[in-house]
Amino acid sequence: MENQLHIYNTLSRKKEQFIPLDPPHVGIYVCGPTVYGDPHLGHARPGITFDLVFRYLRHLGFKVRYVRNITDVGHLENDADEGDDKIAKRARAEEIEPMEVVQYYSDRYHEFMDRLNILKPSIEPRASGHIIEQIEMIKKILDQGMAYISEGSVYFDVVKYNDTHNYGVLSGRILEDLISNTRELDGQQEKHNPADFALWKKASPEHIMRWPSPWSDGFPGWHMECSAMSIKYLGENFDIHGGGMDLLFPHHESEIAQSRVATGHDPVRCWMHNNMITLNGQKMGKSLGNAIGLEQFFSGDHPLLEKAYSPMTIRFFILQAQYRGTLDFSNEALQAAEKGLKRLMEAGKQLSRLSASPTTSEGIDIKKLQSDCFEAMNDDFNSPMLIANLFEVVRIVNVVSDANAQLNAEDLALLTEIYKTFVFDILGLMDEIGGSNTEMIDGLMHLILELRKQVRANKDYASSDKIRDELLKLKIQVKDGKEGASWTMD
RNA sequence: GGUCCUGUGGCCGAGUGGUUAGGCAGCGGUCUGCAAAACCGUCUACAGCGGUUCGAAUCCGCUCGGGACCUCCA
């Protein structure tokens with residue numbers, strides 16, 4: 001079960017067995033955020049998807065170096081007439097240093113990733129800190145004759161490259177189609193061909209973020225940073241490169257082209273792409289203006305949200321879909337996820353209270369359940385399938401808890417291990433209940449329920465119900481079971 | 001227009017050429033002083049039309065619908 005992991009590789013459009021280049025080491029590079037705005041639900045998807053990958057690979061025993069960049073330079077505003085850098089544009093408006101904007105939104109991003117229980121990457125390089133590496137790489141591409149200088153900018157010669165390589169291996173694009181379909185835009189005349197992309201861009205006079213280079217004061221092209229930084233930290237050839245499907249073309253396609261020319265070979269073994277989260281069937285994205293911020297989800301402060309949704313609800317919601325499928329947002333779906341998560345978490349508590357019996361009941365096969373869980377993960381990180389299996393764990397826990405079935409000590413230990421491993425370590429879910437005062441609340445609740453027990457022994461149900469109702473107002477729910485009362489907190 | 005993806009029951013979402021995904025919601029039970037929870041049972045499916053096949057929701061073709069990308073947007 002250990003090394004049967006299969007991953008869907010965008011390059012081959014097939015699931016392939018995952019064999020690291022240099023086991024037990026694994027290198028992963030994932031395109032991180034551009035820090036010019038608050039993180040929204042769209043950011044949570046790649047964050048959680050590749051967190052799952054990171055966690056599972058580590059669980060399998062691999063020594064993973066996970067690199068996720070922060071883009072803090074070089075991306076031009078879509079609709080900007082001036083060609084201003086997004087970050088520079090924001091800085092101008094707020095009259096603060098560009099790096100102040102970068103710092104602020106980087107911190108915000110980290111804050112929300114932490115709340116979603118997304119592990120920190122091994123290395124989080126910033127594009128602005130790797131200008132030298134990018135310039136060096138551009139020089140190599142120029143030396144190979146695959147780029148040209150025009151008006152102080154450097155462009156990658158896609159047409160020439162395509163004579164000897166396939167510009168389209170990843171995306172399936174055909175160069176001729178690209179050329180005939182490219183719109184005429186300002187600045188295009190600098191290029192030999194509209195399909196060419198910038199490696200280095202000369203800064204206009206009003207552009208604040210700029211660095212010196214052999215060609216001009218300017219900034220690197222938007223595909224350069226990922227190529228330069230992935231090579232720097234993972235080598236010229238590494239195992240997995242991830243990112244959203246929206247980055248597939250031209251970003252990743254161009255990364256491949258740049259790296260091939262600079263290093264002489266393919267940079268990445270396996271390309272992984274997570275799909276989008278949609279809102280009313282449409283991609284949720286900053287540029288479309290339909291993104292709901294993670295802040296809004298956590299607070300419930302948004303016209304489209306019926307209530308607040310906790311970080312773990314968001315995490316569970318995302319994990320309930322396979323990463324390559326689109327995931328449609330709705331209050332109904334989120335609330336279903338919330339309830340399902342609660343059920344899963346409650347079972348975890350029940351599990352810790354179970355005691356072993358001499359034998360395990362007929363029809364309960366914990367080992368099978370364990371292998372089913374691994375099988376699900378090994379099949380391209382099929383988290384929905386894993387979760388379905390974990391609900392079978394929940395069912396068994398509840399049945400045993402109700403004394404309708406038994407588990408022997410070995411099976412109980414294994415069931416506990418499965419639960420902890422998959423729910424906490426691999427899916428990265430947390431029990432959000434209680435907070436920092438857990439011990440005190442536990443103590444108080446124990447006391448209250450003891451007193452209520454006495455009241456109930458006297459059949460004073462009015463008092464008993466009053467205690468229960470008042471606690472419910474505090475979001476604490478009392479449940480009277482066969483073995484006495486228990487409680488949960490929302 | 002080009003490249004690619006996609007269309008599953010009230011909602012969200014897996015999956016396989018012939019056997020129950022799972023969660024949420026609904027319905028009927030059990031349990032309970034009541035309630036909640038839990039357990040048991042149960043109803044709504046595979047966009048449409050053809051084809052391949054002993055058999056397809058699962059493979060192929062067409063039609064219709066949805067989406068992503070095709071821009072120095074990420």
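Naming convention: chains lettered A, B, ... in sequence-line order (proteins, then strands); numbering from 1 in each chain.
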Using heavy atoms to find the nearest nucleotide of RNA chain B for A/T326 and A/L248 separately, return the residue whose nucleotide is more 5′. A/T326
Over 60° means perpendicular and under 30° means parallel, so classify the ring planes of A/Y109 and A/H43, tilted if in between. perpendicular
Between CZ of A/F317 and P of B/rG13 the distance, given in whole Å, is 7 Å
Looking at A/K191, does any N or O in its side chain come under 4.0 Å of the phosphate oxygens OP1/OP2 on B/rC72? yes
Which label fits A/H251 and A/W222: parallel for a plane angle under 30°, tilted from 30 to 60°, or perpendicular past 60°? tilted
If the C1' atom of B/rG48 is compared with that of B/rG66, how far apart are they to the nearest Å? 15 Å
Need one value for A/Q322: base, sugar-phosphate or nothing, where a base atom within 4.0 Å counts as base even if backbone is also close, heavy atoms only. sugar-phosphate
Checking all strands, does A/P250 fall into the base, sugar-phosphate, or nothing category for heavy-atom contacts under 4.0 angstrom? base
Rounded to whole Å, CG of A/N275 lies from C1' of B/rG13 at a distance of 14 Å
For residues 326-337 of chain A, which residue pairs pass the salt bridge (Lys or Arg N to Asp or Glu O under 4.0 Å) check, not counting sequence neighbours? none
Specify whether A/F297 and A/Y309 have parallel, tilted or perpendicular ring planes, treating 30° as the upper limit for parallel and 60° as the lower limit for perpendicular. tilted
Taking the C1' atom in each of B/rG61 and B/rU52, what is the distance between them to the nearest angstrom? 11 Å
Should the pair A/H241 and A/Y29 be assigned to parallel (<30°), tilted (30 to 60°) or perpendicular (>60°) ring geometry? tilted
Take atom P in B/rG26 and the same atom in B/rU63, then report the distance between them in whole Å. 43 Å
Nucleotide B/rC12, atom C1' - distance to CD of A/E338 in whole Å: 14 Å
N/O contacts under 3.5 Å, protein versus nucleotides 18-28 of chain B?
{"from": "B/rA25", "atom 1": "OP1", "to": "A/K339", "atom 2": "NZ", "distance (Å)": "3.3"}

Side-chain donor or acceptor of A/D480 under 3.5 Å from a matching atom on the base of B/rC34? yes
Spacing of A/I476 atom CD1 relative to B/rA36 atom P, expressed in whole Å: 19 Å
So A/S464, base contact, sugar-phosphate only, or nothing? Heavy-atom distance under 4.0 Å. base
Is there a donor and acceptor pair closer than 3.5 Å between the side chain of A/R173 and the base of B/rC69? yes
Rounded distance (Å) that lies between atom P of B/rU3 and atom NE2 of A/H273: 20 Å
What are the two closest non-hydrogen atoms of A/D372 and A/N389, and how far apart are they? O-ND2, 3.3 Å
Which whole-number value in Å describes the distance from A/K479 NZ to B/rC39 P? 11 Å
Geometric class of the A/Y323/A/F381 ring pair [parallel <30°, tilted 30-60°, perpendicular >60°]: perpendicular
Is the phosphate of B/rG15, meaning OP1 or OP2, less than 4.0 Å from a side-chain N or O of A/N382? yes
On a whole-Å scale, what distance lies between the C1' atoms belonging to B/rC43 and B/rG2? 46 Å
Would you find a donor on one side and an acceptor on the other, under 3.5 Å apart, between the side chain of A/N69 and the backbone of A/G32? yes
Sort out for me which residue in A/D460, A/D480, A/D465 forms a side chain to side chain donor-acceptor pair (under 3.5 Å) with A/R452. A/D480
For atom P, what is the distance between B/rG15 and B/rA21, given to the nearest Å? 13 Å
Step through the shown structure and confirm whether more than 12 heavy atoms of other residues, nucleotides or ligands are within 6.0 Å of NZ on A/K459. no
Any base atoms under 4.0 Å from A/A321, or only sugar-phosphate, or nothing? Heavy atoms, all strands. sugar-phosphate
Within the 4.0 Å heavy-atom criterion, would you say A/D465 contacts the bases, only the backbone, or no part of the nucleic acid? base
Checking all strands, does A/R324 fall into the base, sugar-phosphate, or nothing category for heavy-atom contacts under 4.0 angstrom? nothing
Assuming nearest nucleotide by heavy-atom distance, tell me which of A/M276 and A/L327 is located more 5' along RNA chain B. A/L327
d(NZ, A/K283; C1', B/rA68) in whole Å: 8 Å
Closest non-hydrogen contact found for A/C270 with A/V268 is O-CG1, 3.3 Å
Using atom P in both nucleotides, what's the gap between B/rC39 and B/rG23 to the nearest angstrom? 9 Å
Does a side-chain N or O of A/R468 approach OP1 or OP2 of B/rC34 to a distance below 4.0 Å, or not? no
Minimum heavy-atom distance A/W211-A/W200, with the two atoms named: O-CZ2, 3.4 Å
With P as the reference atom in both, quote the distance from B/rU58 to B/rG9 in angstrom, rounded to an integer. 15 Å
When you compare B/rG65 with B/rA47, how far apart are their P atoms, in angstrom units rounded to a whole number? 16 Å
Provide, to the nearest angstrom, the distance between the CZ atom belonging to A/F249 and the C1' atom belonging to B/rU3. 9 Å
For A/N398, which contact category applies under a 4.0 Å heavy-atom criterion: base, sugar-phosphate, or nothing? sugar-phosphate
Identify the stems formed by RNA chain B, where each pair is Watson-Crick or G-U wobble with both distances under 3.5 angstrom and a stem is at least 3 consecutive pairs. B:1-7 with B:64-70, B:10-12 with B:22-24, B:26-30 with B:38-42, B:47-51 with B:59-63
